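All values reported here derive from a predicted model rather than from experimental measurement.
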Amino acid sequence: MAGTQPHHDGSALYVEGTTPVLGERSRLRLRVPRAWGRASRVWVRSVQDAEPRYDAAVCLDGPGASGASGAWSWWEASILVANPVARYRFVIETEGQNDGGAAVGPAAVGRAAVGPAKYWFLNNEGLFDRDTSDYHDFRLTTGVPAPQWSRDAVMYQVFPDRFARSAAADGRVVPDWAVACAWDDPVQGTGPDAARQFYGGDLVGVLEKIDHLAGLGVDILYLTPFFPARSNHRYDAATFAHVDPLLGGDQALIDLVEAAHSRGMKVMGDLTANHTGDAHEWFQRALWDPGCPEADYYYFNADHSDYECWWGVKSLPKLNWASPGLREAFVTGEDSVVAHWLKAPFNLDGWRIDVGNMAGRLGAQDLNKDVAALIQHRIQEINPDALLLGEETSDAGADVDGFGWQGAMTYSNFTRPMWQWLANPHARVDFFGTPLPCPNKVGAETVLATHRDLTSALSWPVRNATMNALNTHDTARAATVMVPGGPIVAATLSMTLPGIPVVFAGDEFGLEGDRGESARTPMPWNEPARIVTDLGASYSALAALRHSHPAVQHGGLRWLMADGDVLAFVRESPSASLLVVAVRADVQGLSFDSLGLDAAEREAVRASAPVFHTGGYLVYSDVNLNGPGAYIWTLPGVQSPPRERPDTRKK
């Protein structure tokens, strides 16, 4: 049972200070539940210059210590931050052999030893009675953390062509590449017109609906590309020098950012560092003049008759980051692409880098981390309070260490397992390009194992800056994938787990779609018949809770249960904590013992109504919950021992 196992998560409850300093020591804490058993000794195993080192921990609950804390025993040690990314795990010695297997704790407190000592290893993936890969160790990173404003933010993603159309759009000439559509025309998810359907949404339309975003509690407006292009998605930029006139031009972006900032919102752009469009001015010069400076921005063959492109799509030629000229034009130059839009008069607050996992990679060449670090360094020069996120469609751990992308747009640790847990068995959707016709339905225990596995290589700051999306413009809609009632359950988890929750425009209206292209449905403004499920009030309530509660803003995460139809965890802080229980079906008689709640926490659940809930519930000696549903209760805060011992930071 996860809630009654030794615990550490890398949050401020367990790690002293916000950013470790290279060459200094960092103080760490471990919490051992007395119900699990008694640890006789504890060490922190850190990896320094690729060699393991062991530092003994001190129990803060010993005779005369002030840290005695009822149900928990606290241990503390320090490690030397010898490398920019410091990896560590805890080694726990228990008295006596446990005959119950690896999933439970050692012999009961006070029981005489019945065999040799047993050793446990706690890393970022969980508790093990065997050695584990260093890949899953906890991490301290000395990289620049994401800005503080991202910690409790709610992100809203806008696909400009489909969000809102202003009156000014009526006077614009439809380009020759486009298929003009009325706002209520159906979206084609496949076929040659999928990227050519043109609904005429613009940035002026986004500005006109900004109060809708404010009402939902949005803090970050994330715009997919706004550059001129020959598609409705605009990832095939024809230039990075100005805003597409079809979206209202440069002034429309300036006005939108100013309006967002006046409401306390940040605005992030979307930039393709992996490729341009084949109509891009750089590529056109390179294509027709092999001797021009831009020719080495791309990968041409020896006779200049062919070139590399994204996934074989000839309209998306791939950028060559070995080119010094490209680096200057795209990043390091005074008016480079990265810099231009972060400066006045545009004042964007950061970038999401499209297919960040592919940028700088081609065959044996791998410049990916160089590219990410280069972009971060330039952004920091212009605006140290800006945010840099990289798209990493699969496992992001190896790429996202805080020294480049400060967080990831990834689907592996949250989106895909949520789809699988809440899957509608009758849905037929594009399951992230896999051969499967739909998500394979799994139990909560598989969801937790997947989530832990695929977040284990992320440091706590990186994890808090990583996007938790139910769906995006590149995926099917959660409302199509999941059982009825499932999307708001997943949204509750996205709002309360570490990370940045993402609302894709239309989620609040329950819009549907079986793949990315068909999910880009025009918003149903003033068209109540097109609203499938109105979830606006629930999103607003969740955003308000996220903004106001210290456990979400700064707290740790401790899983309590993952069993079939039930996922439960607590977000913990010294002043107050939150209990989050999500169920995909009706659950009867969920016991406090099974959740591992102590007496004070049980009383808190009994004594007060949930601060958020989606369905009916009944609390007595245990809990009955209607599902699919999500329920959040306020719990007492976590009181840890004061730091009053001799300083363990000394080398």
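The backbone N or O of Tyr135 lies less than 3.5 Å from a partner atom in the side chain of Ser133, making a donor-acceptor pair. Looking at Arg416, its side chain never comes within 3.5 Å of a backbone N or O of Pro439 through a donor-acceptor pair. A donor-acceptor pair is defined here as one N or O able to donate and one able to accept, closer than 3.5 Å; such a pair exists between the side chain of Arg361 and the backbone of Asn357. A donor-acceptor contact shorter than 3.5 Å is absent between the side chain of Asp354 and the backbone of Leu271. Side-chain atoms of Thr455 come within 3.5 Å of backbone N or O of His451 as a donor-acceptor pair. In this structure, the side chain of Asp430 engages the main chain of Gly433 through a donor-acceptor pair within 3.5 Å. Formation of a donor-acceptor pair under 3.5 Å by the Gln188 side chain with backbone atoms of Ala195 is not found in this model. With hydrogens and angles disregarded, no donor-acceptor distance shorter than 3.5 Å links the side chain of Thr446 to the backbone of Val442. Put simply, the side chain of Thr141 gets close to the backbone of Asp401: a donor and an acceptor are under 3.5 Å apart. Side-chain atoms of Trp419 come within 3.5 Å of backbone atoms of Leu470 as a donor-acceptor pair (strictly under, hydrogens ignored).
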*Derivation of the side-chain contact (heavy atoms from CB on, under 4.5 Å) call for Trp310 and Met358*: CA-CA 9 Å; Trp310 180 79; Met358 299 181 72; 3.4 Å; yes
*asked:* Before you tell me yes or no, could you show the steps for Asp49 and Asn83 under side chain to side chain donor-acceptor pair (under 3.5 Å), namely the whole-Å CA-CA distance, both residues' side-chain angles and the distance that decides it to 0.1 Å?
replied: CA-CA 7 Å; Asp49 300 328; Asn83 306 106; 2.8 Å; yes
*Using the side-chain contact (heavy atoms from CB on, under 4.5 Å) rule, take Leu389 and Ile353 through it: C-alpha gap first, then chi angles, then the decisive distance, then the call.*
CA-CA 6 Å; Leu389 303 177; Ile353 303 299; over 6 Å; no
*Would you check, one step at a time, whether the test salt bridge (charged side-chain N to carboxylate O under 4.0 Å, His left out) holds for Arg230 with Asp278?*
CA-CA 9 Å; Arg230 296 193 296 191; Asp278 62 348; 2.6 Å; yes
*Run the side-chain contact (heavy atoms from CB on, under 4.5 Å) check on Arg327 and Asp370 step by step: do they pass?*
CA-CA 11 Å; Arg327 292 187 176 215; Asp370 293 342; 4.1 Å; yes
*Evaluate side chain to side chain donor-acceptor pair (under 3.5 Å) for His136 paired with Asn124, printing each intermediate quantity in order.*
CA-CA 6 Å; His136 299 289; Asn124 211 7; over 6 Å; no
*Decide ring pair (Phe, Tyr, Trp, His ring centres under 6.0 Å) for Tyr156 and Phe504; before the verdict, give the C-alpha distance in whole Å, the side-chain angles of both, and the deciding distance to 0.1 Å.*
CA-CA 6 Å; Tyr156 191 95; Phe504 175 39; 8.3 Å; no
*asked:* Checking Phe432 against Thr415 for the side-chain contact (heavy atoms from CB on, under 4.5 Å) test, could you report, in this order, the C-alpha distance in whole Å, the side-chain angles of both residues, the deciding distance, and whether it holds?
replied: CA-CA 10 Å; Phe432 296 93; Thr415 314; 3.8 Å; yes
*I would like to know whether Trp460 and Phe138 meet ring pair (Phe, Tyr, Trp, His ring centres under 6.0 Å); could you show each step before the answer?*
CA-CA 9 Å; Trp460 187 255; Phe138 296 104; 9.8 Å; no
*List the steps and the verdict of side chain to side chain donor-acceptor pair (under 3.5 Å) for Thr472 and Tyr411.*
CA-CA 10 Å; Thr472 71; Tyr411 303 109; 2.8 Å; yes
*Which is it for Asp514 and Ser518 under the side chain to side chain donor-acceptor pair (under 3.5 Å) test, yes or no, and what are the steps along the way?*
CA-CA 6 Å; Asp514 64 353; Ser518 58; 2.6 Å; yes
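Expressed to the nearest 0.5 Å, how far CD1 of Ile379 lies from CG of Leu387 amounts to 8.5 Å. Taking OG of Ser336 as the start and NZ of Lys343 as the end, the distance is 7.0 Å to the nearest 0.5 Å. One finds the OG1 atom of Thr276 at 9.5 Å from the CD atom of Glu281 (value rounded to the nearest 0.5 Å).
The closest side-chain heavy-atom distance from Pro498 to Asp9 is not below 4.5 Å. For the pair Asp202/Pro160, no side-chain contact is recorded, criterion being any heavy-atom separation below 4.5 Å from C-beta on.
Taking the six-membered ring for Trp and the full ring otherwise, Phe90 and His8 have centroids separated by under 6.0 Å. Taking the six-membered ring for Trp and the full ring otherwise, the centers of His377 and Phe403 sit at least 6.0 Å from each other. Aromatic ring centres of Phe240 and Trp282: separated by under 6.0 Å. The distance between the ring centers of Trp341 and Phe227 falls below 6.0 angstrom. Between Phe283 and Tyr298, the distance separating the two ring centers is shorter than 6.0 angstrom.
Under 4.0 Å is where a charged nitrogen must lie from a carboxylate oxygen, and between Asp137 and Arg89 at least one such pair does. Salt bridge Arg139/Asp134: absent, no basic N to carboxylate O contact under 4.0 Å. With respect to the salt-bridge test (charged N to carboxylate O, under 4.0 angstrom), the residues Arg477 and Asp507 qualify. For Arg234 and Asp270, the salt-bridge test fails: no basic side-chain N is under 4.0 Å from an acidic carboxylate O. Between Arg520 and Asp474 a salt bridge is recorded (basic side-chain N to carboxylate O distance below 4.0 Å). Under 4.0 Å is where a charged nitrogen must lie from a carboxylate oxygen, and between Arg285 and Glu294 at least one such pair does.
A donor-acceptor pair shorter than 3.5 Å cannot be found between the side chains of Gln48 and Tyr88. If you check the side chains of Ser305 and Asp303, you find a donor sitting under 3.5 Å from an acceptor. With hydrogens and angles left out, the side-chain atoms of Asp236 and Ser315 include no donor and acceptor closer than 3.5 Å. No side-chain donor-acceptor contact under 3.5 Å links Glu512 and Thr480. Using a 3.5 Å distance cut-off with no hydrogens or angles, the side chains of His242 and Asp250 do not pair a donor with an acceptor.
In terms of heavy-atom proximity, Leu22 sits nearest to Thr142 at N-CG2, 3.8 Å. Of all non-hydrogen atoms in Asn368 and Ala359, the two that sit nearest each other are ND2-O, 2.8 Å. Heavy atoms only, all atoms of each residue included: Ala153 and Pro501 are closest at O-CD, 3.2 Å. Closest heavy-atom contact between Arg45 and Val91: CB-CG2, 4.2 Å. Leu342 and Gly350 make their closest contact through CD2-N, 3.9 Å (heavy atoms, listed as atom of the first residue, atom of the second, distance). Across all non-hydrogen atoms, the minimal contact from Thr466 to Thr410 is CG2-CG2, 3.8 Å.
Other residues, nucleotides and ligands contribute more than 12 heavy atoms inside 6.0 Å of the NE2 atom of His304. Atom CD of Glu328 is surrounded by 12 or fewer heavy atoms from other residues, nucleotides or ligands within 6.0 Å.
For the pair Lys314 and Tyr307, the cation-pi criterion (under 6.0 Å, within 45° of the ring axis) is fulfilled.
When the options Val206, Asn347, Val243 are evaluated for a side-chain contact (heavy atoms from CB on, under 4.5 Å) with Leu253, the one that passes is Val243. Test Tyr235, Tyr222, Phe163 against His473 for ring pair (Phe, Tyr, Trp, His ring centres under 6.0 Å) and you get one pass: Tyr235.
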